[in-house]
Amino acid sequence: MTVPRFIGSEIYRGSSYGPWHPLRIPRVSTVMDLARALGWFGAGQYLTSPRAKPGALELWHTPAYVAALQAAEAAGAVSEAVRTRHGLGTVSNPVFPEMFRRPATSVGGVILAGEVLRESGIVHAPAGGTHHAFPDRAAGFCYFNDPVFAILSLKANGARRVAYVDIDAHHPDGVEHAFAGDTDTLMISVHEERRWPFTGALEDRGAGEVWNLPVPRGFDDTGMEMALEELILPRVAAFRPDAIVIQCGSDGVEEDPLSRLAMSNNAHWGVVKALKARAPRLLVLGGGGYNPWSVGRLWTGNWAVLNGCEIPERLPAEAETVLRGLSWERASRGRNPPEHWFTTLRDVPRAGPVQPEVRDRLKTLADRAKVWA
Ligand SMILES: [Zn+2]
């Protein structure tokens, strides 16, 4: 067994979607800096992400869209026609300086992940997870759909059956669009109900391997533990995957500004830990996450879980300096961050009674699985 690999890039450092956009904050660079400060990159573990070439991107995106995105980056502007046709230059998918190179690097990273995982192993690519992009269209802060390329690359490199588990607060509409009809791809999503993109209904089945659990606001660690035990682990076990991809968006934690879910990072780490040994290949992606402290601490903790590193109660000074160096402009919670955002990775767990809707929906899904068994 080789050591886990981390795929990162300096392109994410200082890159911003613009001063008012939720993605004005640093994320991947924080994880890289924290992991380095904690001594969690051993020899050969950090890999620099290549950038995917247009030809590779056209395996799933349309040539017209790939060209439009390149042209928009070069010109720093889009026409009205391009905005309408491809969803570029909008409030959620703005024109910004690295708008082609940055997402193309995230795709290059997950294609590399598939190659690294040719035999077996573990890869963390926190820049990945942009699950809302469509073949001809940007949406929901996503330009290219790197989770789709992650699954395609794993399959091109020898994995026949891939389980995709998405615990972002938002439903992965672009990934479901790509694989709902494929019985060799298991799709599980736990996401907030009645939230954009308003897809991901409990009733969706695709060709038989689509499992959606919409959850109400306030869904916490206990709810995710139940979803893990009653939905994620049984479905993954029954599917017998050659590879597992986890989209580990951190926007379902309580301090995130874009959802009303109430998990702590312990919930996410629990899912990653439980899935770690369930297939010979594991790829953990990032995803949403719009509080710079929450997202940096959560994804760094994922790397600790994957390596079996002990997460210290109180961070060493060098790691604390990384967290104290972050700022969150134009956000009320950025004004007076609580002390533990600087001094810890682990949140205080958020447990509570499981919501009745969660119980009922898990039973509905379990009953469906029984019928089909
Ligand atoms: Zn999200």
Side-chain angles (χ1 to χ4, degrees), residues 12 16-17 21-28 30-31 87 90-94 102-103 106 110 125-134 137-148 150 164-178 187-201 204 211-221 223-224 227 232 245-265 267-269 271-272 283-299 301-302 328 331 333:
Y12 306 107
S16 165
Y17 279 36
H21 196 285
L23 285 178
R24 63 190 177 277
I25 59 163
R27 307 187 323 151
V28 176
T30 307
V31 181
T90 64
V91 172
S92 58
N93 289 84
R102 175 174 161 172
S106 306
V110 298
T130 56
H131 55 183
H132 297 305
F134 277 76
R137 218 179 152 73
F141 315 164
C142 305
Y143 295 82
F144 294 129
N145 197 315
D146 64 76
V148 168
Y164 175 77
V165 179
D166 190 312
I167 57 171
D168 191 281
H170 303 88
H171 174 251
D173 53 347
V175 190
E176 188 173 304
H177 170 81
M187 307 265 325
I188 301 175
S189 173
V190 180
H191 50 268
E192 188 177 349
E193 65 183 0
R194 290 193 284 277
R195 177 162 297 286
W196 190 90
F198 307 108
T199 50
D204 287 3
W211 304 84
N212 284 320
L213 178 67
V215 297
R217 63 169 62 177
F219 180 78
D220 63 14
D221 295 359
M224 185 55 93
I232 298 174
V245 177
I246 306 174
Q247 197 273 20
C248 199
S250 84
D251 44 7
V253 299
E254 182 162 85
E255 304 87 351
D256 191 275
L258 263 63
S259 88
R260 290 174 181 260
L261 303 184
M263 288 179 275
S264 78
N265 56 25
H268 299 71
W269 297 346
V271 171
V272 172
L283 171 56
V284 179
L285 306 174
Y290 307 98
N291 172 325
W293 288 280
S294 295
V295 64
R297 291 163 65 245
L298 193 155
W299 291 348
N302 277 350
W328 194 12
R333 282 191 257 205

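Order of appearance sets the numbers: ligands from 1, and atoms from 1 within every ligand. Just so it is clear, the structure is predicted and the values come from calculations on it, not from any experiment.
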### Task
Using side chain to side chain contact (heavy atoms under 4.5 Å, CB included) as the criterion, list what pairs up with Ala138, not counting sequence neighbours.
Tyr65, Leu88, Asn93, Tyr143
### Task
Please report how many protein N/O/S atoms lie under 2.8 Å from the Zn ion (ligand 1).
3
### Message
I'd like to know whether Trp299 forms a side-chain contact (heavy atoms from CB on, under 4.5 Å) with Asn302, so could you lay out the CA-CA distance, the side-chain angles of the two residues, the decisive distance to 0.1 Å, and finally the verdict.
### Response
CA-CA 5 Å; Trp299 291 348; Asn302 277 350; 3.9 Å; yes
### Query
If only atom types and distance count, is the side chain of Glu176 paired as donor or acceptor with the main-chain N or O of Met187 below 3.5 Å?
no
### ring pair (Phe, Tyr, Trp, His ring centres under 6.0 Å) partners for His171, two or more places apart
His191
### Query
In chain order, what residues pass the salt bridge (Lys or Arg N to Asp or Glu O under 4.0 Å) check against Arg27, with sequence neighbours excluded?
none
### Task
Return the orientation label for the His132 and Trp196 ring planes: parallel under 30°, perpendicular over 60°, tilted otherwise.
perpendicular
